S.K.: 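After the structure tokens below, expect a handful of questions from me.
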2 protein chains.
Amino acid sequence: MSLPHAILTALLEKPSSGLELTRRFDKSIGYFWSATHQQIYRELGRLEQAGHIRALPSETPTRGQKKEYEVLPAGRAELAGWVDRTEDPKPLRSALLLRLRAAAVVGGVGLRDELERHLGLHQAQLDEYLEIEQRDFPPERRDTEPDRLRHLVLRGGIDLERFWVEWLTHALSELAG
Amino acid sequence: MSLPHAILTALLEKPSSGLELTRRFDKSIGYFWSATHQQIYRELGRLEQAGHIRALPSETPTRGQKKEYEVLPAGRAELAGWVDRTEDPKPLRSALLLRLRAAAVVGGVGLRDELERHLGLHQAQLDEYLEIEQRDFPPERRDTEPDRLRHLVLRGGIDLERFWVEWLTHALSELAG
DNA sequence: AACTACATGTAAACTGTTACATGATTGG
DNA sequence: CCAATCATGTAACAGTTTACATGTAGTT
């Protein structure tokens, strides 16, 4: 049950409309939690219902009109409570690793190409994160506690992409030999 | 839609009952695809319905009695077709990284303990995988293609746990300083 | 007879994905 | 006025999780 907390975090960083949130989930927020606009609109409705957020006042609150939300004190309290909760890490689910294991049983022809394709995708993602790191976290901006935390999170995304790049590279060399 | 293919792979490696599959998903299969017994029983029903697997003949096929399944040719063909399909990697979803980002906004008190707890869990998982590697993949058993593939998959699990151990260690040192 | 482990399953709630619907605003 | 883009939503379905239900077999 993390999507509402991801949205609360995003809204605390900056009040936004549903579509703006969707864009932020496609970029910076997406490297630790992804969501589609349909999920986001549904969750915004629930959070408003629960009194955790509210729509900023506007004259014409109709369909097709931008609707911005901000977090209410109850929402901030809910998020603060959630941060201190403990939760075990979710086990991995990788369709690619599963394909490899299946290929060990039934054989696989085009798997090499698929590994190369994934290598390209992860390399591109890694490059993008490294650009974000250079732009948003230059050495002089890593002083305050919040900045250190945000940088740590990005670092997680970076290291994870590095893991994939390295493992895929290794896998391709193993399959070649 | 990978669970049925995970089950087909497992059943090809060794015909099993639902509970045996559950145990295998908790162990070796779990490091690339996890599932609960409820998911597995439902999927076994669907796969049987679809003619991809069948229950081995038995005198007393009632509730509470063990029921073993084996893969039919149609099931093997379905799996072979799936292996050659392409599929983009799913974006990461980590509640722990999200907690860190949220802590940058609302502050977090017990987060250090939670990071240490996760470090312990990932270290334990890593040790377990390394034992499996020593037991099941000694250097002389890495010759055949299927063995090389299975070892590659395990290697993925190992390297991923290593990533978490390293990142968590780094995070704890950052938070200390 | 009661307890425990084995074994299969059902039901409901929640989360995530895919396809579609509707209206508003802006530029050509 | 038309098309593209912005913006919010609905509906249906697929996948996952949690709680519970039921029956068998062996042990004390």
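Each chain gets a letter, A, B and so on, in the order the sequences are listed, and its residues count up from 1. These numbers were taken from a predicted model, which means no experiment stands behind them. FYI, side chains are in, hydrogens and waters are out, and symmetry mates aren't considered; it's all heavy atoms of this structure.
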S.K.: Taking only N and O in the side chain of Q39(A), is any of them less than 4.0 Å away from OP1 or OP2 of dG16(C)?
M.R.: yes

S.K.: Give the rounded distance in Å between these two atoms: CG of L47(A) and P of dG9(D).
M.R.: 13 Å

S.K.: Considering only heavy atoms from C-beta outward, does the side chain of L11(B) approach that of L21(B) to under 4.5 Å?
M.R.: yes

S.K.: To the nearest Å, give me how far apart CD1 (I7(B)) and P (dT16(D)) are.
M.R.: 11 Å

S.K.: Round to the nearest Å and state the distance from E43(B) atom CD to dT16(D) atom P.
M.R.: 9 Å

S.K.: Can you see if the side chain of Q38(B) gets near the phosphate of dT17(D) - specifically, an N or O under 4.0 Å from OP1 or OP2?
M.R.: no

S.K.: Any side-chain N or O of S17(A) under 4.0 Å from OP1/OP2 of dT8(D)?
M.R.: yes

S.K.: Should the side chain of R42(B) and the base of dG15(D) be counted as holding a donor-acceptor pair, with the cut-off at 3.5 Å?
M.R.: no

S.K.: Using the six-membered ring wherever Trp is involved, compare the ring planes of F137(A) and H151(A) and label them parallel, tilted or perpendicular (cut-offs 30° and 60°).
M.R.: tilted

S.K.: Is it the case that the side chains of E114(B) and H118(B) hold a donor-acceptor pair, with the cut-off being a distance below 3.5 Å and no angle test?
M.R.: yes

S.K.: Out of curiosity, I53(A) CD1 to E68(A) CD, how far, rounded to the nearest 0.5 Å?
M.R.: 12.0 Å

S.K.: Provide, to the nearest angstrom, the distance between the NZ atom belonging to K66(A) and the C1' atom belonging to dT26(C).
M.R.: 15 Å

S.K.: Compare the minimum distances between each of dT25(C), dG9(D), dG16(C) and the side chain of Y69(A), then state the nucleotide with the smallest one.
M.R.: dG9(D)

S.K.: At what distance, to the nearest 0.5 angstrom, does CZ of F32(A) lie from CZ of R99(B)?
M.R.: 12.5 Å

S.K.: Figure out the CG/P separation between L19(A) and dG23(C), and round it to whole Å.
M.R.: 18 Å

S.K.: dT8(D) phosphate, OP1 or OP2: any side-chain N/O from Y41(A) under 4.0 angstrom?
M.R.: yes

S.K.: Just the rounded figure in Å: distance from P of dG9(C) to CG of L44(B).
M.R.: 8 Å

S.K.: According to a strict under-4.0 Å criterion, is R93(A) in side-chain N/O contact with OP1 or OP2 of dG15(D)?
M.R.: no

S.K.: Nearest whole Å is fine: how far is dC6(D) P from D26(A) CG?
M.R.: 13 Å

S.K.: Expressed as a whole number of angstroms, how long is the span from M1(A):CE to dT16(D):P?
M.R.: 19 Å

S.K.: Answer yes or no: does a side-chain N or O of K67(A) lie under 4.0 Å from OP1 or OP2 of dG9(D)?
M.R.: yes

S.K.: Quick one: which of dT17(D), dT17(C), dT16(D) gets closest to the side chain of W33(B)?
M.R.: dT16(D)

S.K.: With the side chain of T36(A) defined as its heavy atoms from C-beta on, choose the nearest nucleotide among dT17(C), dT15(C), dA7(C).
M.R.: dT17(C)

